[in-house]
Asker: 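Here's a structure for you.
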Amino acid sequence: MLRHAGRSRALVSSWLDFQPPAARALIESLREQVRAAEPLLTESVKWGNLVFLLEGMPVLGLAPVKGHVNLQLLQGAPWPAGLGVAEAPGKGARHWRFDAGGPADPVLVELLVSAATGHGRRLLAERPPRVSPAPED
């Protein structure tokens, strides 16, 4: 387990090193805000993006796009109440666009993180418990 965590940290570090300088500052800011909002999240690189996991379930992603970074709410997480955003149909990812060179509003990031992790916790609670195979006699 520890070796896997070390590989994940190295992969995240390498992923950050390959980001363009303009995007890297915004990514680092968003990353710190996400980690401050929910310290129990772990990080990995999946699908070419920085992904935040809750007990192994991907709940948030940082997806750099030319000129901006999307903070993705994964697993069909709904938008936080009060943002005034209409729900898109389906269970796909939702994302909020943050422009490179501009500051990321920490209150907005905290609302998005809270919505994604709250939804992730509900999904984890609904999962059937894992059953270990019976030992052979």
Side-chain angles (χ1 to χ4, degrees):
M1 181 73 172
L2 291 176
R3 286 182 14 198
H4 180 68
R7 278 186 285 149
S8 186
R9 278 192 298 271
L11 185 60
V12 168
S13 179
S14 294
W15 181 85
L16 288 167
D17 289 342
F18 281 100
Q19 299 307 312
R24 189 176 312 138
L26 178 58
I27 290 167
E28 285 289 355
S29 172
L30 288 167
R31 180 180 178 220
E32 290 304 315
Q33 290 180 43
V34 168
R35 291 167 59 180
E38 183 52 73
L40 295 177
L41 294 175
T42 57
E43 300 173 315
S44 186
V45 175
K46 293 180 182 287
W47 315 295
N49 299 319
L50 180 61
V51 176
F52 297 91
L53 306 141
L54 179 67
E55 295 181 32
M57 175 190 289
V59 293
L60 287 161
L62 287 179
V65 183
K66 190 173 186 174
H68 68 279
V69 176
N70 290 329
L71 177 58
Q72 301 174 320
L73 282 71
L74 305 175
Q75 306 294 336
W79 289 113
L83 281 185
V85 178
E87 281 298 320
K91 295 184 179 183
R94 289 148 175 78
H95 67 269
W96 195 274
R97 176 184 170 143
F98 292 90
D99 291 323
D105 179 2
V107 174
L108 174 61
V109 173
E110 189 170 344
L111 283 171
L112 296 170
V113 171
S114 179
T117 56
H119 182 71
R121 284 187 176 95
R122 286 188 294 278
L123 291 177
L124 288 169
E126 293 171 2
R127 279 187 180 173
R130 291 186 178 182
V131 178
S132 300
E136 294 182 20
D137 291 332

Asker: How many angstroms lie between atom CD1 of Ile27 and atom CG of Leu71, to the nearest 0.5 angstrom?
Answerer: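 Spacing of CD1 (Ile27) from CG (Leu71) equals 11.5 Å.
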Asker: Only one of Leu74, Leu30, Leu53, Leu41 forms a side-chain contact (heavy atoms from CB on, under 4.5 Å) with Leu60, so which one is it?
Answerer: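 Per the side-chain contact (heavy atoms from CB on, under 4.5 Å) rule, the option paired with Leu60 is Leu41, out of Leu74, Leu30, Leu53, Leu41.
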Asker: For residues 99-122, which side-chain donor-acceptor pairs fall under 3.5 Å, sequence neighbours excluded?
Answerer:
unit_1: Asp99; atom_1: OD1; unit_2: Arg97; atom_2: NE; d: 2.8
unit_1: Asp99; atom_1: OD1; unit_2: Arg97; atom_2: NH2; d: 3.3
unit_1: Asp105; atom_1: OD1; unit_2: Val107; atom_2: N; d: 3.1
unit_1: Thr117; atom_1: OG1; unit_2: Val113; atom_2: O; d: 2.9
unit_1: Thr117; atom_1: OG1; unit_2: Ser114; atom_2: O; d: 3.4
unit_1: His119; atom_1: NE2; unit_2: Gln75; atom_2: O; d: 2.8
unit_1: Arg121; atom_1: NH2; unit_2: Glu38; atom_2: OE1; d: 3.2
unit_1: Arg122; atom_1: NH1; unit_2: Gly118; atom_2: O; d: 3.3

Asker: Could you report the tightest heavy-atom contact between Gly56 and Pro58, atom names first, then the distance?
Answerer: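 Heavy-atom minimum between the residues: O-CD, 3.6 Å.
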Asker: Would you say Ser29 and Phe98 make side-chain contact, with heavy atoms under 4.5 Å?
Answerer: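 A side-chain contact under 4.5 Å is absent here.
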Asker: Between Asn49 and Leu62, is the side-chain contact (heavy atoms from CB on, under 4.5 Å) condition met? List the steps.
Answerer: CA-CA 6 Å; Asn49 299 319; Leu62 287 179; 6.0 Å; no
Asker: State yes or no: do Val65 and Val34 share one hydrophobic cluster built from I, L, V, M, F, W and Y residues joined by side-chain heavy-atom distances below 4.5 Å, directly or via other members?
Answerer: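 Different clusters.
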Asker: Please list, chain by chain and in numerical order, all residues satisfying side chain to side chain donor-acceptor pair (under 3.5 Å) with Gln19, sequence neighbours excluded.
Answerer: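 Once residues adjacent in sequence are excluded, Gln19 has no partner under the side chain to side chain donor-acceptor pair (under 3.5 Å) criterion.
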Asker: Is there side-chain contact between Arg9 and Val12, with at least one heavy-atom pair below 4.5 Å?
Answerer: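 SC-SC contact between Arg9 and Val12 ruled out.
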Asker: Suppose we screen for salt bridge (Lys or Arg N to Asp or Glu O under 4.0 Å). Which residues come up paired with Glu28, at least two apart in sequence or across chains?
Answerer: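 In terms of salt bridge (Lys or Arg N to Asp or Glu O under 4.0 Å), with neighbours along the sequence ignored, Glu28 is linked to Arg31.
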Asker: So which heavy atom on Arg35 is nearest to which on Phe52, and how close?
Answerer: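 Minimum heavy-atom contact is CG-CE2, 4.2 Å.
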Asker: Contact between Met57 and Arg127 at the side-chain level, heavy atoms closer than 4.5 Å - yes or no?
Answerer: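 Result yes, sub-4.5 Å side-chain heavy-atom pair found.
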Asker: Output the distance between atom CG (Leu73) and atom CH2 (Trp96), rounded to the nearest 0.5 Å.
Answerer: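 Result: 10.0 Å between the selected atoms.
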Asker: With the side chain counted from C-beta on, respond yes when Trp15 and Pro64 share a heavy-atom pair under 4.5 Å apart, and no when they do not.
Answerer: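 A side-chain contact exists here, since the closest heavy-atom pair is under 4.5 Å.
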Asker: Could you check whether any side-chain N or O of Arg94 sits under 3.5 Å from a backbone N or O of Pro78, counting only pairs where one atom can act as donor and the other as acceptor?
Answerer: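 Looks like no, no N/O pair under 3.5 Å.
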Asker: Tell me, please, which residues at least two apart from Ser13 pass side chain to side chain donor-acceptor pair (under 3.5 Å).
Answerer: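 Partners of Ser13 under the side chain to side chain donor-acceptor pair (under 3.5 Å) test: none.
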